[in-house]
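Just so you know, these numbers use all the heavy atoms, side chains as well, and skip hydrogens, waters and symmetry mates. No experiment lies behind these values; they were computed from the predicted model shown.
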Amino acid sequence: MTTQATKWRYNNLRNTRIVPFCVSLLLANLLQAIGTLINGKWVTDRTVHDGPLCRAQGGIKQAGNVAMALWSFALALHVFMLLFSRIALSKALSCALLGAGWALVAFVVLLGPVAIQTPEQGPYFGPTGYWCWITEQYPHEQFFLEYFFEFLSAGLSFFLYTAVLLRVRGNLVRTSGRWHLRFVPHGERWVLAIRRDAVDGCMMHVAARIVWYPLAYAVLLLPVTIARFVTFSGRDVPFRATIFADFVFNLQGVVNVIVLLTTNRLVPDTQALPIYAPRQRVSMSSPEAMGITPFVLPPPKAASVETMGAASAAVAVAMVAKEDAPSFTSRRPVSSSTISSVDSCTPFLHIR
């Protein structure tokens, strides 16, 4: 049953081309895990020493961190194209982006030891405290060839996911070539549904979940960033603080799996949705844009002869029943007033 459910969920996402990007993201987490597991060697030896394994760990850790940042942004951009712009990604373009992405990761990792490393500064990858990474002789490379990608990915992903959420909920609309951002009170959220079509309605819960992903990524990145900047300033970071920061940073794989599983559970069958259909366009000056939907009564149908005859018969029966019923005036005493009115030509008569 679990295999069938997984296959069914995969079929739901198959026409979106998003699965390969998720797999690439998990592969980046795998590289991070491999780089962290090598720390067991240094714990056993009680020291971190330079050598082939140390340099391999530095390259693997940089590759995992850069790939994590790159594929996080690629996944956010792909979701933006699907839910915000409604743009389909062809299979050829998807394969080209996957190849270019991993090629960029390899280029960034090989750039240091091949083109930047100099004999005067020493090895590019080497011991950096409790593990191996880009050495302290290359501080600019530490920032621009890793931390820069991570900060940029977290910021852009948050912006893209927030735009998707506002667009799907109906807060961000475009009319007459201009974008409008509108918010309504809590009790009037139904107004936002005017701009929401079938795809937005089905994907609203998905967008509400994935917007937390870049926030979690930024929170997990924050401790190790603070520890690194303290080290850059020339101060020593306590051992416990370093281990805690690295532990939190390596939770990215766990968070990615949790987010993907919980989000995948909410994804509907995209093959049955017009996911690439353009949105409906409603003018901001129209009653629909103000939250008022015009209601028009249907024209009355022409009454038939049988209907009119039945209605006339019902009226006649009601009049006869009224005449046969004892009236209130029949029990009143006879009035002593005149039987005619001066102001009216209609006589007032008492019928006994």
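A donor-acceptor contact under 3.5 angstrom links the side chains of N65 and Q32, judged on distance only. Looking only at atom types and distance, the side chain of W42 has a donor-acceptor partner in the side chain of Q57 under 3.5 Å away. In this model, no donor atom of one side chain and acceptor atom of the other lie less than 3.5 Å apart for S153 and E150.
With values rounded to the nearest 0.5 angstrom, C132 atom SG is found 10.5 Å from F125 atom CZ. F149 contributes atom CZ, which lies 11.0 Å from atom CZ of F143 (distance to the nearest 0.5 angstrom). Atom NE2 of H49 and atom NZ of K41 lie 5.5 Å apart (nearest 0.5 Å). Separating the OH atom in Y161 from the CG atom in L156 is a distance of 12.0 Å, to the nearest 0.5 Å. From F107, atom CZ reaches atom CG of L145 across 9.0 Å, with rounding to the nearest 0.5 Å. Within the model, atoms OG1 of T231 and CD1 of I226 stand 11.5 Å from one another, a figure rounded to the nearest 0.5 Å.
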Could you go through L82 and R17, starting from their C-alpha distance and side-chain angles, then the distance that decides it, and tell me whether this counts as side-chain contact (heavy atoms from CB on, under 4.5 Å)? CA-CA 10 Å; L82 286 175; R17 313 289 183 190; over 6 Å; no
May I have the step-by-step check of side-chain contact (heavy atoms from CB on, under 4.5 Å) for F21 and L25, ending in yes or no? CA-CA 6 Å; F21 294 93; L25 182 63; over 6 Å; no
Dump the intermediate steps for side-chain contact (heavy atoms from CB on, under 4.5 Å) on L75 and I18, then the final yes or no. CA-CA 7 Å; L75 188 61; I18 202 173; 3.6 Å; yes
Under the side-chain contact (heavy atoms from CB on, under 4.5 Å) rule, what do V257 and N29 come out as? Steps first, then yes or no, please. CA-CA 10 Å; V257 172; N29 294 138; over 6 Å; no
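No more than 12 heavy atoms of other residues, nucleotides or ligands shown are found within 6.0 angstrom of CZ on F158. Residue-environment remark: CZ (F244) stays at or below the threshold of 12 foreign heavy atoms within 6.0 Å. More than 12 heavy atoms of other residues, nucleotides or ligands sit less than 6.0 Å from atom CD of Q137.
Follow the hydrophobic side-chain contacts under 4.5 Å out from L222 and you never reach V254; the two are in separate clusters. No single ILVMFWY cluster, assembled from side-chain heavy atoms under 4.5 Å apart, contains both V219 and F249. In the hydrophobic cluster analysis, where Ile, Leu, Val, Met, Phe, Trp and Tyr join through side-chain heavy atoms closer than 4.5 angstrom, F144 is grouped apart from V114. Under the 4.5 Å side-chain heavy-atom criterion for ILVMFWY residues, a single connected hydrophobic cluster contains both W133 and F148. With hydrophobic clusters built from ILVMFWY side chains whose heavy atoms lie under 4.5 angstrom apart, V105 shares a cluster with L77.
Side-chain contact between V66 and W71 is absent, with no heavy atoms from C-beta onward closer than 4.5 Å. Side-chain atoms of V224 and L221, non-hydrogen and from C-beta on, do get closer than 4.5 Å to each other. Looking only at side-chain heavy atoms (C-beta outward), Y217 and N256 stay at 4.5 Å or farther from each other. Using a 4.5 Å heavy-atom cutoff, the side chains of I134 and Y124 are in contact.
Q142 places a side-chain N or O within donor-acceptor distance of the main-chain N or O of T135, the cut-off being under 3.5 Å. Remark: side-chain polar atoms of D246 are not paired, donor with acceptor, to backbone N or O of T242 under 3.5 angstrom. Between the side chain of S233 and the backbone N or O of V230 there is at least one donor-acceptor pair closer than 3.5 Å. Looking at S94, its side chain never comes within 3.5 Å of a backbone N or O of S90 through a donor-acceptor pair. One N or O on the side chain of Y138 and one on the backbone of G122 form a donor-acceptor pair closer than 3.5 Å.
Checked against a 6.0 Å centroid threshold, the rings of F239 and Y130 count as neighbours.
None of L111, L110, L104 except one satisfies the side-chain contact (heavy atoms from CB on, under 4.5 Å) rule with V108; the exception is L104.
The two atoms that bring I116 and E141 nearest to each other are CG2-OE2, 3.4 Å, heavy atoms only. Between G64 and L31 the shortest heavy-atom distance is CA-CB, 3.7 Å. Across every non-hydrogen atom of L260 and L26, the tightest pair is CD1-CD2, 4.0 Å. Among all heavy-atom pairs drawn from A163 and L172, the shortest one is O-CD2, 4.4 Å. P223 and V248 make their closest contact through CG-CG1, 4.0 Å (heavy atoms, listed as atom of the first residue, atom of the second, distance). Scanning both residues, S72 and S157, for their nearest heavy atoms gives O-OG, 3.8 Å.
In this structure, R167 forms a cation-pi arrangement with F84, its terminal cationic atom sitting closer than 6.0 Å to the ring centre and no more than 45° off the ring axis.
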